[in-house]
Amino acid sequence: MAFTAHTRKKIAVIGAGFVGSTTAHWAAQKELGDVVLLDINEGAAIGKTLDLAQAATMEMFDTKIKGTSNYADIANSDVVIITAGMPRKPGMSRDELIGINAKIVKDVCAGIKQHAPDSIVIVVCNPMDVMALYAKQQLGFPKERVLGMGGCLDSARFRTFIAEECGVSYKDVTGVVVGNHGDAMVPLVRTASVGSVPLIDMLPADKIAAIVQRTKSAGAEIGGHLKTGSAYYAPSRGAVEMAEAILKDQKRVLPVAVELNGEFGVSDKMMVGVMCVIGGKGLEKIIDYKFNADEKAEFEKSVNAVRTLCEGLKTVQ
Ligand code: APR
């Protein structure tokens, strides 16, 4: 039988800090493809990938892992995940990071544009919606290939708190968070269910309100405990959920920040989380979720929060 050449998938993770290195870890462990971890600090990228590759011999994952500071190494990546950037310090909002992280995103996008021009890009660094929009502008890629990770994380947090409150397995809980990845995010209580039973039939209104509130401040809650740095296990896993949907052409329905061009009444190309079909082409479809009046009002507030923050981009050199 003739040997058929097999093309392995390739994932580039930019930023080898907490979020980037755990992203590389999840992606390698799931054998999504070969992983390149790039950081301006070459030592961090190389050191962490050597460590991860040595773990692979015990965990038996069959993935090539390379650390680098050279963008030429990301050539032919199918997916590029941008995690480079400063995390929040306690008491800091995600929004205060704009100036610093936009400069980093600009550098990173120049490297991606030159060396991985056909990739699908997932933006993780904060303030995510604004950084995703900025990355899209810098890259000039079509909307299908620039996606923001926030909704997968916020929805996972929402489901975690529902499962814990109800004392049930995470596996049996649904619940989606749309809008921006910030304080104005919109946990859609109508989408929440436990074993297919609507959450509103499972818990009293005050308990649901507490879950919604805790979801909105979940990142700050973690940062408050950590004192330095911010969350990374769940953010990185959120990025890998999206990468897996792309690399395996899964057609997953995931809440992802994408450019809106008239959908939900947003016509100025803001990027904000909505339910999407994610597959081999990246964004394949935006789900036409019918907001009720309260949800619509909250969603509009959420989009406005991104719009206001985008003003901060005008001063970035
Ligand atoms: N190019 C490549 N890497 C860079 C650049 C750059 N221009 N600038 C900074 N970095 C790298 C740093 O060297 C560091 O290794 O980005 C990494 C950031 O890592 P951490 O400080 O550990 O931050 P982390 O917790 O990973 O958060 C990264 O993700 O969730 C968001 O809010 C978070 O914006 C933050 C980002």
Side-chain angles (χ1 to χ4, degrees), residues 12-27 36-49 51-52 67-74 77 80-116 121-135 138 148-154 156-157 180-183 185 217-242 257 273 309 312 316-317:
V13 181
I14 314 296
F18 284 101
V19 178
S21 56
T22 41
T23 300
H25 184 182
W26 294 118
V36 173
L37 184 62
L38 183 148
D39 201 288
I40 199 167
N41 175 353
E42 188 180 43
I46 294 178
K48 289 187 184 190
T49 46
D51 193 12
L52 187 53
T68 186
S69 61
N70 181 355
Y71 277 93
D73 289 323
I74 73 165
S77 293
V80 180
I81 302 173
I82 306 180
T83 76
M86 216 176 95
R88 290 197 274 179
K89 302 210 164 58
M92 211 177 174
S93 75
R94 292 184 181 93
D95 314 346
E96 289 171 63
L97 299 170
I98 289 186
I100 306 161
N101 285 353
K103 286 199 187 99
I104 295 175
V105 166
K106 191 174 181 175
D107 275 1
V108 169
C109 288
I112 297 172
K113 203 172 167 175
Q114 187 180 351
H115 294 281
V121 174
I122 299 172
V123 179
V124 181
C125 52
N126 278 311
M128 184 281 296
D129 310 271
V130 182
M131 290 304 115
L133 185 138
Y134 189 61
Q138 295 296 311
M149 197 298 298
C152 289
L153 167 62
D154 297 326
R157 288 171 165 165
N180 74 327
H181 180 52
D183 300 340
M185 70 179 70
S217 55
E221 181 183 351
I222 292 170
H225 288 292
L226 292 176
K227 304 285 190 279
T228 55
S230 56
Y232 53 96
Y233 288 115
S236 55
R237 185 57 183 80
V240 168
E241 184 160 53
M242 291 167 62
L309 279 182
V316 178
Q317 302 301 310

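Counting starts at 1 for both ligands and their atoms, following the listed order. Just so it is clear, the model here is predicted, and its values are computed rather than measured.
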Can you report which non-hydrogen protein atom sits closest to [atom], along with the distance?
| atom | answer |
| --- | --- |
| atom 2 (C) of ligand 1 | Ile40 N, 3.3 Å |
| atom 21 (O) of ligand 1 | Pro87 CD, 3.6 Å |
| atom 17 (C) of ligand 1 | Asp39 OD2, 3.6 Å |

Rounded distance [0.5 Å steps], CG in Asn101 versus CD1 in Ile82: 11.0 Å
Given that the side chain starts at C-beta and the backbone is N, CA, C, O, which of these parts of [X] lies under 4.0 Å from ligand 1, counting heavy atoms, or is it both or neither?
| X | result |
| --- | --- |
| Pro235 | neither |
| Thr83 | backbone |
| Met86 | backbone |

Distance filter under 4.0 Å to [X] heavy atoms, resulting ligand 1 atoms:
| X | result |
| --- | --- |
| Asn101 | 34 (O) |
| Ile104 | 5 (C), 6 (C), 7 (N), 8 (N), 9 (C) |
| Val19 | 24 (P), 25 (O), 26 (O), 27 (O), 29 (O), 30 (O) |
| Asn126 | 30 (O), 31 (C), 32 (O), 33 (C), 34 (O) |

Donor-acceptor contact below 3.5 Å, side chain Thr49 vs main chain Gly67: yes
Polar side-chain atom of Asp129 near backbone of His181 as donor-acceptor pair, under 3.5 Å: yes
Selected option - heavy-atom contact closest to atom 19 (O) of ligand 1, from Gly223, Ser230, Ala45, Gly17: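 Answer by nearest heavy atom: Gly17.
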Heavy-atom proximity to atom 16 (O) of ligand 1, best of Ala234, Ser69, Gly85, Ala110: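 Of the listed residues, Gly85 has the closest heavy atom.
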Phe18 N/O to ligand 1 N/O under 3.5 Å: yes
Option passing side chain to side chain contact (heavy atoms under 4.5 Å, CB included) with Thr83 (candidates Val19, Asp39, Ile122, Leu37):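 Exactly one pass, corresponding to Val19.
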Could you tell me if the side chain of [Y] sits less than 4.5 Å from the side chain of [X], heavy atoms only?
| X | Y | result |
| --- | --- | --- |
| Cys125 | Ile104 | no |
| Leu97 | Pro127 | yes |
| Cys152 | Met242 | yes |

Heavy atoms from other residues, nucleotides or ligands near CG of Asn41 exceed 12 (cutoff 6.0 Å): yes
Nearest heavy-atom neighbours spanning Gln138 and Cys109: CB-CB, 3.7 Å
